[in-house]
Amino acid sequence: MPVARPDDSNDLTHEPAPGGLAARARAGVTPAASYLQGLNPEQREAVETTDGPVLVLAGAGTGKTRVLTTRIAHLIATGKAYPSQILSVTFTNKAAREMKERVTRLVGDVAEGMPWLGTFHSISAKILRRHAELVGLKSDFTILDMDDQIRLLKQVIQAADLDEKRWPARMLASFIDGWKNRGLTPDAIPAGEAGVFGNGQGGKLYLAYQQRLKTLNACDFGDLLVHCLTLWKGHPDILAQYQERFRYMLVDEYQDTNVAQYLWLRLLAQGRRNLACVGDDDQSIYGWRGAEVDNILRFEHDFPGAKVVRLERNYRSTGHILKAASHLIAKNEGRLGKTLRTDDEAGEKVIIAGAWDSQEEARAIGDDIELFQSRGAALAQMAVLVRTSAQMREIEERFIAMGLPYRVIGGPRFYERAEIRDAMAYLRCVHSQSDDLAFERILNVPKRGLGDATLQQLHLQARATGASLQQSAAILIETEEFKPKVRSTVRALVQAFGRWRLKLEHARPAEVAEIVLEESGYTDMWQTDRSADAAGRLENLKELVRSIDEFPDLPGFLEHVSLVMDTVSDDSVSRVSLMTLHAAKGLEFDMVFLPGWEEGLFPSQRSLDESGRAGLEEERRLAHVGITRARRHAKIMFASNRRIHGMWQSSMPSRFIDELPESAVEVAEAASNFAQGGYGASRFDRQPSFTSTYATPGWQRAQAAKAAGPQAGAQAGRWGGDSGGFGSRGSSGPRHASRLIEGELVAKSSGPASEFGVGARVFHIKFGPGDVFAVDGNKLTVDFDKAGRKMVLDAFVQRGA
DNA sequence: TCCTAGCGCTTTTTT
DNA sequence: AGCGCTAGGA
């Protein structure tokens, strides 16, 4: 394929690039191309195979981002493309930001001019603003967030005379999102699916929703992509422009693309065919929101002649951690197959530890962290990764009780907070008289006596005249429609918006925002609020006003907020990170705690129920992601009892624990009882003994410990010394039991039959007395007198009366 | 129009 | 268990 030169005169869409930048970039590059140095052969191949379709299969920790950024630098430095001719797509704003920074570091300011580096959604929005009228929008269309979307859908459902209780808007939203993820417009839904919701009206409601969006001059996130598809399919000339412009295309996290994104890419790539996708099928964890692992599995089929480069050399983790992760993920069937390897030392084994219940688990984590911290480890290098956010509470409580600094990553986002959304709604109303959803939101916030009745009148007027709510308000205050009191309130509001809009022409947006919040009584509302978080909310509002100053104008700010929902957090204090496994993708830590590896929780029962084998494989990938976040130390934990929705449930260790390779893991013994066995607070207990003093595998030791009684395993290497000690020291029952289990569960969780037979009378520490209903290895199904039928490990019950 | 009691739901989450 | 929503009453 001929190499496209940036100055090709047949490039009709060529934009005059900033003069001399490419030349400058090129000049800074020695023939040896310094940026290529330090790349391993595979990475280098991934960078230098510039033309034609390329799939880079980049396992965890193999330098994926480095390849992507170097590739961009390479394209620019060799003059193959101007920055403005490279399309680089990421999934998150964070990833986009990071990539921009790293490219800048490589090639200098040139990268700042990379206008087409961003998320699928931000790039789509940019394209749509230029051609909005071709898809039935105006160029200043608003982008609705989920909250707006739900409220709009509620209206649609109401209008269709459906019971909101029976047909929740959220459910419809997920159907519509599902369709949009597949690039389906209302007319394209498969016949069988159109009847999914609201007595067979799903398809109709989708259409009604799209029509409402059009009247509102708005679109939701999914539309950004779907409208682009519509645009390009309906206007080949415009598609051709973009195909011409994007000489090179790069996609990060390709395994996370959905069908719509795939179609989007394929349309563009039909031009130059220079599409490089980077991804890892083993890290595909977003199937539940429409990601198609198939996209990456079928890449070679979809883009014939594609070159596939595998990055398998891992620079992050030690040998045992990698081995554990690889062995686990090898159980998945649908994968392209990669084996991570490292030149690093074998390092510490992955530690597996059981706890009686989730509280003890949290306690053990806290104690481990404290111990390591006392030995000089930085809190910022430790992370606790959980399956569900509900698990976080107990851990947080423990950290708070201990005074351990921590940070939750991926919690409720700044722009999702109610006070921020209210403030944003005010600004949107100032910006646009036709933003009905925003107007509806603030009509009676703060309370000003304009309720449902008033809103109905406005809606009626709006529907009759085709005006927006704000315009309708302006009309109605000139009539006798409203009661006097309402009329004067509405008039005041309408006049206020007029005033604020006028201010916008002279004052800085941030100043206007401040005035708006002040004069509308919104700030007052929180000042008089006596609830605990009112002060924090006022703080957030100040922060919001401050951040407006970073943008040239109000529209710019509004666009930013609708597309970029995250804010940068402060990194000044070293803290332990607490997050879900999903949020952890792309991050790494020296030490990683993985609690809650229990059947039902992880793998999540719901995943299994809803998606069967595919669900299980996705959960397994999630486990793989979790383990591979660790550089040097990983500890997997499970609790035998956990409160779920307020009910205590006993649980079995996760099947994933059984799937770990024996040679790379080590089973920790329960600690507390040993302290009384003569070893006391020995130096063994004090050491965070990642370095086992024993060469024998964990199971053997655990087995031996079981056979020889409590003392035998007392000095075994494990995390945390006397961790988990207080609080459960007195209750030797569970402690004793859990020690036995830990030895057994990994080695033979489906092993020899229990000592209890069917019908035996047993006693369980938490559930009380019961009768054994069934026996499966060491797992008993017991009908408890009070707690009902539960599955428990035999070691947790004693022979009952 | 506002307040409150009761009901139901409960993964993961980005844009 | 806890939260958010809804409906119904004041």
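A, B, ... follow the sequence lines: proteins, then strands. Residue 1 opens every chain.
- Rounded to a whole Å, the CE atom of A:Met146 is 12 Å from the P atom of B:dT12.
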Protein N or O to nucleotides 9-11 of chain B N or O, pairs below 3.5 Å:
residue	atom	partner	partner atom	Å
B:dT11	OP2	A:Arg606	NH1	3.0
B:dT11	O2	A:Arg387	NH2	2.9
B:dT11	O4	A:Arg606	NE	3.3
B:dT11	O4	A:Glu610	OE1	3.2

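- Here B:dT15 presents its C1' atom at 12 Å from CG of A:Asp223, a figure rounded to the nearest Å.
- Judged by distance alone, with hydrogens and angles left aside, the side-chain atoms of A:Ser284 form no donor-acceptor pair with the main-chain N or O of A:Asp280 at under 3.5 Å.
- If you measure from atom CE of A:Met392 to atom P of C:dG2, you get 18 Å, rounded to the nearest angstrom.
- Between the side chain of A:Arg621 and the backbone N or O of A:Gln283, no donor-acceptor pair lies under 3.5 Å.
- In summary, of the residues considered (A:Arg212, A:Lys154, A:Arg428), a salt bridge (charged side-chain N to carboxylate O under 4.0 Å, His left out) with A:Asp148 occurs for A:Arg428 alone.
- A:Ser562 has no side-chain polar atom (N or O) that falls below the 4.0 Å cut-off from OP1 or OP2 of B:dT15.
- Distance NE2 (A:His121) to C1' (B:dT13): 12 Å, rounded to an integer number of Å.
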#### Entry: Step-by-step side chain to side chain donor-acceptor pair (under 3.5 Å) determination, A:Asn258 to A:Asn181
CA-CA 6 Å; A:Asn258 59 36; A:Asn181 284 338; 3.3 Å; yes
N/O to N/O distances under 3.5 Å, protein versus nucleotides 1-6 of chain B:
residue	atom	partner	partner atom	Å
B:dT1	OP1	A:Asp452	N	3.4
B:dT1	OP2	A:Gly449	O	3.4
B:dT1	OP2	A:Gly451	N	2.9
B:dC2	OP2	A:Asn444	ND2	3.4

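- Contacts of A:Arg393 with the nucleic acid, taken as non-hydrogen atoms under 4.0 Å apart, involve only primed sugar atoms and P, OP1 or OP2.
- For A:Leu558 and B:dT15, the CG to P distance is 18 Å, given to the nearest whole Å.
- With rounding to whole Å, A:Arg151 atom CZ is found 16 Å from C:dG4 atom P.
- Here B:dT13 presents its C1' atom at 10 Å from CD1 of A:Ile285, a figure rounded to the nearest Å.
- Taking the six-membered ring for Trp and the full ring otherwise, A:Tyr286 and A:Trp288 have centroids separated by under 6.0 Å.
- Under the 6.0 Å distance and 45° angle rule, A:Arg620 does not count as a cation-pi partner of A:Phe656.
- Nearest-nucleotide positions on DNA chain B place A:His582 closer to the 5' end than the other of A:His582 and A:Leu224.
- A donor and an acceptor atom, one from each side chain of A:Gln255 and A:Glu253, are located under 3.5 Å apart.
- A perpendicular orientation is assigned to the rings of A:Tyr242 and A:His131, their planes being inclined by more than 60° (bins at 30° and 60°).
- The side chain of A:Asn93 contributes no N or O atom lying less than 4.0 Å from OP1 or OP2 of B:dT14.
- To the nearest angstrom, P of C:dA1 lies 13 Å from CD of A:Glu394.
- A donor-acceptor pair shorter than 3.5 Å can be found between the side chains of A:Tyr209 and A:Asp220.
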